[in-house]
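Computed from heavy atoms alone, side chains included, the values below leave out hydrogens, waters and symmetry copies.
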Amino acid sequence: MECVFCNDTIIKKETFFEDDNFAAIYNIRPTVRGHCLVIPKRHLQETYELNEKEREGFLTFTNKVVFTALKYSDTNDFDLLLQRGENAGQSIKHLHFHIIPRKKNDGLNTAKKEFLGSFHERETTTSQLTEVELVKIIKELKEIIVKHKLQINGL
């Protein structure tokens, strides 16, 4: 079975920002408004498989996605989450990082033990966005990137 993050048709539809090595996509089952993923364009399963160029560019790219997600969500707080392995809740065997904007009373607990439980529950039970909803969100995220291009390029 082909990896969904390696499927060009799916990724093209969900991507709102990219560079040579990474794509930022909107989670089709968002746990909160602005829940995005950063994925390497190459199929990898482990962080140690990132090459030197990818490692060097990861934080810069992720900072730009975080900036965009926080503007979209109107907050300054977020979690950056990596789930590696089935026992950690990973459902797609392609390295990916969750950017989860946070607000008071967002329904996700702040204590880590409870947070991971509530995150997993929402991620597995939240209904998938419709194509119309996803297209609208991707458009809004791209507009934020254009509007804040100078700030994003400075990150």
Side-chain angles (χ1 to χ4, degrees), residues 3-6 10-11 13-126 128-129 134 137-138 140-145 147-155:
C3 169
V4 295
F5 290 163
C6 293
I10 292 171
I11 292 304
K13 193 171 20 174
E14 296 174 11
T15 296
F16 63 90
F17 187 65
E18 65 183 318
D19 69 7
D20 292 341
N21 299 307
F22 297 97
I25 65 173
Y26 197 77
N27 194 319
I28 61 170
R29 286 193 172 89
T31 57
V32 294
R33 178 181 170 87
H35 181 174
C36 303
L37 304 175
V38 170
I39 60 170
K41 288 185 173 179
R42 284 191 314 124
H43 182 81
L44 308 170
Q45 292 188 30
E46 306 287 350
T47 54
Y48 61 76
E49 293 177 302
L50 292 166
N51 63 38
E52 185 176 349
K53 185 177 179 185
E54 291 163 335
R55 283 191 308 273
E56 289 173 358
F58 170 72
L59 277 179
T60 300
F61 183 85
T62 300
N63 281 336
K64 294 174 182 185
V65 179
V66 166
F67 179 92
T68 305
L70 296 182
K71 286 286 183 192
Y72 179 72
S73 303
D74 193 31
T75 186
N76 292 316
D77 302 332
F78 70 97
D79 284 302
L80 178 63
L81 178 66
L82 167 64
Q83 295 172 292
R84 173 55 188 99
E86 189 176 318
N87 293 319
Q90 182 182 22
S91 58
I92 298 171
K93 294 185 186 314
H94 185 120
L95 182 64
H96 60 286
F97 300 84
H98 294 261
I99 297 168
I100 307 156
R102 300 300 306 273
K103 289 184 174 182
K104 187 175 185 169
N105 301 320
D106 63 11
L108 293 175
N109 294 297
T110 54
K112 293 307 172 204
K113 182 179 178 184
E114 289 82 14
F115 164 76
L116 291 172
S118 59
F119 172 82
H120 179 73
E121 181 181 336
R122 279 194 181 189
E123 191 173 53
T124 56
T125 61
T126 301
Q128 185 170 316
L129 294 172
L134 184 60
I137 292 168
I138 298 300
E140 291 171 357
L141 290 165
K142 286 180 177 182
E143 288 170 356
I144 290 170
I145 290 168
K147 180 178 179 181
H148 297 282
K149 185 177 182 175
L150 290 176
Q151 288 173 287
I152 289 171
N153 286 340
L155 294 174

Practice prompt. Run the numbers on Arg84 and Thr47 for side chain to side chain contact (heavy atoms under 4.5 Å, CB included), then give the verdict.
Written response: CA-CA 9 Å; Arg84 173 55 188 99; Thr47 54; over 6 Å; no
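- Interatomic distance, Ile11 CD1 to Leu37 CG, rounded to the nearest 0.5 Å: 8.5 Å.
- Note: Phe17 and Phe22 fail the aromatic proximity criterion, with ring centroids not under 6.0 Å apart.
- For Glu143, the salt bridge (charged side-chain N to carboxylate O under 4.0 Å, His left out) test picks out Lys139, with sequence neighbours left out.
- Interatomic distance, Ile145 CD1 to Glu140 CD, rounded to the nearest 0.5 Å: 12.5 Å.
- Partners of Lys149 by side chain to side chain contact (heavy atoms under 4.5 Å, CB included), not counting sequence neighbours, listed by chain and number: Asn153.
- The local environment of CD in Glu121 is sparse, with at most 12 non-hydrogen atoms from other residues, nucleotides or ligands closer than 6.0 Å.
- Applying the side chain to side chain contact (heavy atoms under 4.5 Å, CB included) test to Lys93 and every residue at least two apart in sequence or in another chain returns Gln45.
- Here the straight-line distance linking atom CG of Asn21 with atom CG of Leu50 works out to 9.0 Å at 0.5 Å rounding.
- Partners of Lys142 by side chain to side chain contact (heavy atoms under 4.5 Å, CB included), not counting sequence neighbours, listed by chain and number: Phe16, Ile138.
- Residues meeting the side-chain hydrogen bond (donor to acceptor under 3.5 Å, both in side chains) test with Gln151, sequence neighbours left out: His148.
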Discussion item. Show, in sequence, the C-alpha distance, side-chain angles and deciding distance for Leu80 and Ile99, and conclude whether the side chain to side chain contact (heavy atoms under 4.5 Å, CB included) test is met.
Written reply: CA-CA 5 Å; Leu80 178 63; Ile99 297 168; 3.9 Å; yes
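- Residues forming a salt bridge (charged side-chain N to carboxylate O under 4.0 Å, His left out) with Glu49 (at least two apart in sequence, or on another chain): none.
- Heavy atoms of other residues, nucleotides or ligands lying less than 6.0 angstrom from CD of Glu46 number more than 12.
- Here Arg42 pairs with Glu54 under the side-chain hydrogen bond (donor to acceptor under 3.5 Å, both in side chains) rule; sequence neighbours left out.
- Taking CG of Asp19 as the start and NZ of Lys41 as the end, the distance is 6.5 Å to the nearest 0.5 Å.
- Rounding to the nearest 0.5 angstrom, the gap separating the CG atom in Leu134 from the CG atom in Leu129 is 6.0 Å.
- Not counting sequence neighbours, the partners of His94 by the ring-ring contact (aromatic ring centres under 6.0 Å, His included) test are Phe5, His43.
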Can you give each donor-acceptor pair under 3.5 Å made by side-chain atoms of residues 23-34, sequence neighbours left out, with the distance rounded to 0.1 Å?
| residue | atom | partner | partner atom | Å |
| --- | --- | --- | --- | --- |
| Tyr26 | OH | Gly34 | N | 2.9 |
| Asn27 | OD1 | Arg29 | N | 2.8 |
| Asn27 | ND2 | His35 | NE2 | 3.1 |
| Arg29 | NE | Thr126 | O | 3.3 |
| Thr31 | OG1 | His35 | ND1 | 3.0 |
| Arg33 | NE | Tyr72 | O | 3.1 |
| Arg33 | NH1 | Tyr72 | OH | 3.4 |
| Arg33 | NH2 | Tyr72 | O | 3.2 |

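- Not counting sequence neighbours, the partners of Thr60 by the side chain to side chain contact (heavy atoms under 4.5 Å, CB included) test are Lys64.
- Distance check: Glu18 CD to Ile39 CD1 gives 9.5 Å after rounding to the nearest 0.5 Å.
- The side-chain hydrogen bond (donor to acceptor under 3.5 Å, both in side chains) search around Asp106 returns Arg102, not counting sequence neighbours.
- With sequence neighbours excluded, no residue satisfies side-chain hydrogen bond (donor to acceptor under 3.5 Å, both in side chains) with Lys13.
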